[in-house]
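Comments concern the structure below.
As the structure is a computational prediction, the values presented were derived from the model and not from experiment.
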Amino acid sequence: MGSKQNADTFTRWIEAHRAHDLDRLVTFLTDDITIQSAAGADMPAAKGKDEARHHWQTIYNAFPNFRMDAVDLTAEGDTLFAEISHGGTMEGPMGPKQPTGKSYLTQGAFRFDFSDGKIRSILSYWDTASMAKQLELVG
């Protein structure tokens with residue numbers, strides 16, 4: 001698959017993410033998807049579609065108004081890099097962290113690897129310190 005097709009898949013994936021549509025979201029993934037994020041122990045790596053679904057359901061439960069938007073994309077072959085803005089209001093627990101009712105907005109870097117037009121892996125980094133401060137999880 002080419003860069004344009006992968007960018008189109010990414011665009012449809014992020015639309016499903018914004019809609020919190022887990023059923024549609026997983027249709028863009030390979031069966032052996034891996035997801036690693038900056039959230040660390042609160043969100044361990046996910047492997048396979050079931051764990052990916054659980055990963056995102058955990059986010060939606062903690063942040064019912066979670067929003068994710070692409071700021072910039074660079075695609076080459078089977079790899080796509082995206083600067084992504086994301087945020088929401090913490091109304092549910094996230095791992096051991098209890099809800100604060102506070103909101104956050106941050107940007108991060110995401111790497112997507114594709115196989116046959118589907119997302120095979122996602123690796124994401126963002127400013128977790130700023131996020132924790134905005135949510136008042138740290139002083």
Side-chain angles (χ1 to χ4, degrees):
M1 294 289 160
S3 299
K4 181 172 178 1
Q5 290 169 313
N6 292 336
D8 290 343
T9 297
F10 167 82
T11 298
R12 292 192 316 275
W13 173 85
I14 206 164
E15 288 169 356
H17 215 322
R18 282 197 299 265
H20 295 199
D21 186 341
L22 290 166
D23 292 333
R24 188 165 47 123
L25 200 59
V26 298
T27 66
F28 301 108
L29 310 176
T30 61
D31 290 338
D32 62 346
I33 179 75
T34 59
I35 302 170
Q36 293 178 290
S37 75
D42 291 339
M43 290 292 291
K47 295 179 183 173
K49 287 183 177 182
D50 289 339
E51 288 185 16
R53 178 186 293 271
H54 180 265
H55 174 90
W56 291 317
Q57 185 63 65
T58 300
I59 293 169
Y60 301 153
N61 289 345
F63 302 93
N65 65 342
F66 181 78
R67 175 83 181 181
M68 179 181 273
D69 295 294
V71 176
D72 192 22
L73 299 178
T74 301
E76 183 65 39
D78 285 332
T79 301
L80 181 144
F81 289 94
E83 181 181 351
I84 294 178
S85 171
H86 60 89
T89 305
M90 189 178 192
E91 297 180 16
M94 184 73 159
K97 295 174 177 68
Q98 293 305 305
T100 63
K102 302 295 180 184
S103 298
Y104 84 97
L105 181 63
T106 192
Q107 288 183 314
F110 289 63
R111 176 187 168 144
F112 294 79
D113 290 307
F114 291 81
S115 178
D116 296 323
K118 293 196 173 204
I119 301 168
R120 183 182 72 234
S121 67
I122 302 170
L123 178 61
S124 61
Y125 298 94
W126 63 90
D127 188 347
T128 55
S130 173
M131 179 181 173
K133 192 169 186 176
Q134 290 176 61
L135 294 171
E136 295 184 4
L137 295 169
V138 296

| Would you call D69 and R18 a salt bridge, using N to O less than 4.0 angstrom? | yes
Salt bridge (charged side-chain N to carboxylate O under 4.0 Å, His left out) contacts in which one or both residues fall within [range], not counting sequence neighbours:
range            : result
residues 101-112 : K102-E136, R111-D113
residues 123-132 : none
residues 50-59   : D23-R53

| field | Counterpart residues, side-chain contact (heavy atoms from CB on, under 4.5 Å), relative to Y125 (two or more places apart) | value |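 side-chain contact (heavy atoms from CB on, under 4.5 Å) check on Y125 returns L123.
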So do [Y] and [X] actually touch side chain to side chain, heavy atoms under 4.5 Å?
X    : Y    : value
W13  : L25  : yes
T128 : W126 : yes
L135 : F63  : yes

What's the separation between atom [atom1] in [X] and atom [atom2] in [Y], rounded to the nearest 0.5 Å?
X    : Y    : atom1 : atom2 : answer
Q107 : M131 : CD    : CE    : 14.0 Å
T34  : I119 : OG1   : CD1   : 11.0 Å
F28  : E15  : CZ    : CD    : 8.0 Å
L73  : T11  : CG    : OG1   : 6.0 Å
S121 : I33  : OG    : CD1   : 6.0 Å
D78  : K118 : CG    : NZ    : 14.5 Å

| In chain order, what residues pass the side-chain hydrogen bond (donor to acceptor under 3.5 Å, both in side chains) check against T100, with sequence neighbours excluded? | none
| said: side-chain contact (heavy atoms from CB on, under 4.5 Å) for F112 and T9? Distances and angles first, verdict last. | reply: CA-CA 11 Å; F112 294 79; T9 297; over 6 Å; no
List the atom pairs, donor and acceptor, that lie under 3.5 Å between side-chain atoms in residues 82-94 and the rest of the protein, sequence neighbours left out.
{"unit_1": "H86", "atom_1": "ND1", "unit_2": "Y104", "atom_2": "OH", "d": "2.7"}
{"unit_1": "T89", "atom_1": "OG1", "unit_2": "N65", "atom_2": "ND2", "d": "3.2"}
{"unit_1": "T89", "atom_1": "OG1", "unit_2": "S103", "atom_2": "OG", "d": "2.6"}

| message | Please give me the minimum heavy-atom distance between G77 and S3, naming the atom from each residue. | response | N-OG, 2.8 Å
| For the residue pair R24 and A16, what are the closest heavy atoms and their distance? |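 Of all heavy-atom pairs spanning R24 and A16, the closest is NH2-CA, 3.4 Å.
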| field | Any donor-acceptor N/O pair, N6 side chain to T79 backbone, under 3.5 Å | value |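 Side chain of N6 to backbone of T79, a donor-acceptor pair under 3.5 Å: no, none is there.
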| query | Are the side chain of R120 and the backbone of F114 linked by a donor-acceptor contact shorter than 3.5 Å? | reply |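 Present.
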| task | With side-chain hydrogen bond (donor to acceptor under 3.5 Å, both in side chains) as the test, would you mind laying out the steps for S130 and Q134 before giving the verdict? | result | CA-CA 6 Å; S130 173; Q134 290 176 61; 2.9 Å; yes
| request: Mark yes when over 12 heavy atoms from residues, nucleotides or ligands other than K49 sit less than 6.0 Å from its NZ; otherwise mark no. | output: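 Yes, because the 6.0 Å sphere around NZ of K49 holds more than 12 heavy atoms from other groups.
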| request: Kindly determine whether R12 and D8 satisfy salt bridge (Lys or Arg N to Asp or Glu O under 4.0 Å), including the steps that lead there. | output: CA-CA 6 Å; R12 292 192 316 275; D8 290 343; 5.3 Å; no
| request: Classify the ring geometry between Y60 and F66 as parallel (under 30°), tilted (30 to 60°) or perpendicular (over 60°). | output: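 Ring orientation of Y60 relative to F66: tilted.
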